[in-house]
Amino acid sequence: MITRAAEFAADKHRGQTRKDAERTPYINHPLAVARLLSETAGIQDAQVIAAALLHDTVEDTDATVDEIGEEFGQAVRDIVIEVTDDKSLPSARRKQLQIENAAGLSHAARLVKLADKICNLQDILAHPPVHWSLERKREYFDWAKAVVDNIRGAHAGLEGLFDQVYLHKP
């Protein structure tokens, strides 16, 4: 399932890049999230790792939740739905909903969300998005912390890593 999820995500994210100056292939992000969960956090649940690989496909590609369900099953579909923003809403509202809804996420979705936030902060530090001001980077760090503070208790090791990365806030 994990290899199939990686292939599916790579196909769906084909041609997409991150917002950094290097225009890093987008697939590197879900791969990093999955790697962080499996190698750093020791998560071996194939459904969680598959959901980590697929976590941005519905939000950022033409993939649908039905397609995720058909390909990877209801459990993976449900995790992906939990961590997917409603792109029809304004950005500020989506961000606020992430904070508000974080505490109600399933354990699996909390793990994916936590790993996603860690990877995003690491990317901002190492390869910041082009045209992001210092203020915007700081605002992102603070917003990510507000989300993570509402999912604490999911995984002490990942939360400790988040806190370490957060200490390097620009």
| Val147 with Phe162, same ILVMFWY side-chain cluster at under 4.5 Å | yes

| Side chains of Asp20 and Val130: does their closest heavy-atom pair fall under 4.5 Å? | no

| message | What's the separation between atom CD1 in Ile151 and atom CG in Asn101, rounded to the nearest 0.5 Å? | response | 12.0 Å

| Given side chains that start at C-beta, do those of Gln98 and Lys113 come closer than 4.5 Å, heavy atoms only? | yes

| message | If you count every heavy atom of other residues, nucleotides or ligands that lies below 6.0 Å from Lys19 atom NZ, does the total exceed 12? | response | no

| With under 30° as parallel and over 60° as perpendicular, where do the rings of Phe141 and Tyr166 fit, or are they tilted in between? | tilted

| said: If hydrophobic clusters are built from ILVMFWY residues whose side chains come within less than 4.5 Å, do Val83 and Ile43 share one? | reply: yes

| request: Taking the side chain as every heavy atom from C-beta outward, state whether Ile118 and Leu114 have any atom pair closer than 4.5 Å. | output: yes

| said: To the closest 0.5 Å, what do you measure between CD (Gln74) and CD1 (Ile68)? | reply: 12.0 Å

| OG1 of Thr57 to CG of Asp62: how many Å apart, nearest 0.5 Å? | 9.5 Å

| said: Quick check against the 3.5 Å criterion: does His155 have a side-chain atom that pairs as donor or acceptor with the backbone of Ala41? | reply: yes

| Relative to each other, are the rings of His55 and His29 parallel, tilted or perpendicular (30° and 60° limits)? | perpendicular

| query | Any side-chain heavy atom of Gln47 sitting closer than 4.5 Å to one from Phe72? | reply | no

| Is Asp11 salt-bridged to Arg14, cutoff N-O under 4.0 Å? | yes

| What's the shortest heavy-atom distance between Val76 and Leu54, and which atoms? | CG1-CD1, 3.8 Å

| query | When you measure from the side chain of Asn150 to the backbone N and O of Ala103, does any donor-acceptor pair fall under 3.5 Å? | reply | no

| said: Quick check: do Val80 and Val65 have side-chain heavy atoms less than 4.5 Å from each other? | reply: no

| task | Output yes when Arg94 and Glu59 qualify as a salt bridge under the 4.0 Å nitrogen-oxygen rule, no when they do not. | result | no

| Any side-chain heavy atom of Tyr140 within less than 4.5 Å of one from Lys117? | yes

| query | Same cluster for Leu53 and Leu105 if Ile/Leu/Val/Met/Phe/Trp/Tyr side chains link at under 4.5 Å? | reply | yes

| remark: Nearest heavy-atom contact between Pro170 and Leu125 is CD-CD2, 4.2 Å

| task | Could you tell me which non-hydrogen atom of Gly104 sits nearest to which non-hydrogen atom of Glu82, and how far apart they are? | result | O-OE1, 4.4 Å

| field | Joint hydrophobic cluster, Ile81 plus Val33, side-chain heavy atoms closer than 4.5 Å | value | no

| query | CZ of Arg4: more than 12 outside heavy atoms within 6.0 angstrom? | reply | yes

| Hydrophobic cluster identity match, Val165 and Leu158, side-chain contacts under 4.5 Å | yes

| message | Which heavy atom of Glu159 sits nearest to which heavy atom of Gly153, and what is that distance? | response | OE2-N, 2.7 Å

| query | Is any side-chain heavy atom of Asp149 less than 4.5 Å from a side-chain heavy atom of Arg152? | reply | yes

| With the threshold set at 4.0 Å, does a side-chain nitrogen-carboxylate oxygen contact exist between Asp60 and Lys87? | yes

| query | What is the distance from atom CG of Leu97 to atom CG of Asp86, rounded to the nearest 0.5 Å? | reply | 8.5 Å

| request: Could you tell me which non-hydrogen atom of Ile27 sits nearest to which non-hydrogen atom of Ala6, and how far apart they are? | output: CD1-O, 4.4 Å

| request: Can you establish whether the number of heavy atoms outside Glu22 located under 6.0 Å from its atom CD is more than 12? | output: yes

| task | Evaluate side-chain hydrogen bond (donor to acceptor under 3.5 Å, both in side chains) for Asn120 paired with Arg18, printing each intermediate quantity in order. | result | CA-CA 10 Å; Asn120 283 339; Arg18 298 289 276 173; 3.1 Å; yes

| note | Closest non-hydrogen atoms of Asn28 and Thr24, given as atom of the first, atom of the second and distance, are ND2-CG2, 3.3 Å

| At what distance, to the nearest 0.5 angstrom, does CZ of Arg35 lie from OG1 of Thr40? | 8.5 Å

| said: Measuring only between side-chain heavy atoms, which start at C-beta, is Leu36 closer than 4.5 Å to Cys119? | reply: yes

| said: To the nearest 0.5 Å, what is the distance between CD1 on Ile79 and NE2 on His107? | reply: 10.0 Å

| field | Verdict with reasoning, Glu67 to Lys12, per salt bridge (Lys or Arg N to Asp or Glu O under 4.0 Å) | value | CA-CA 12 Å; Glu67 189 176 12; Lys12 291 296 183 177; 3.4 Å; yes

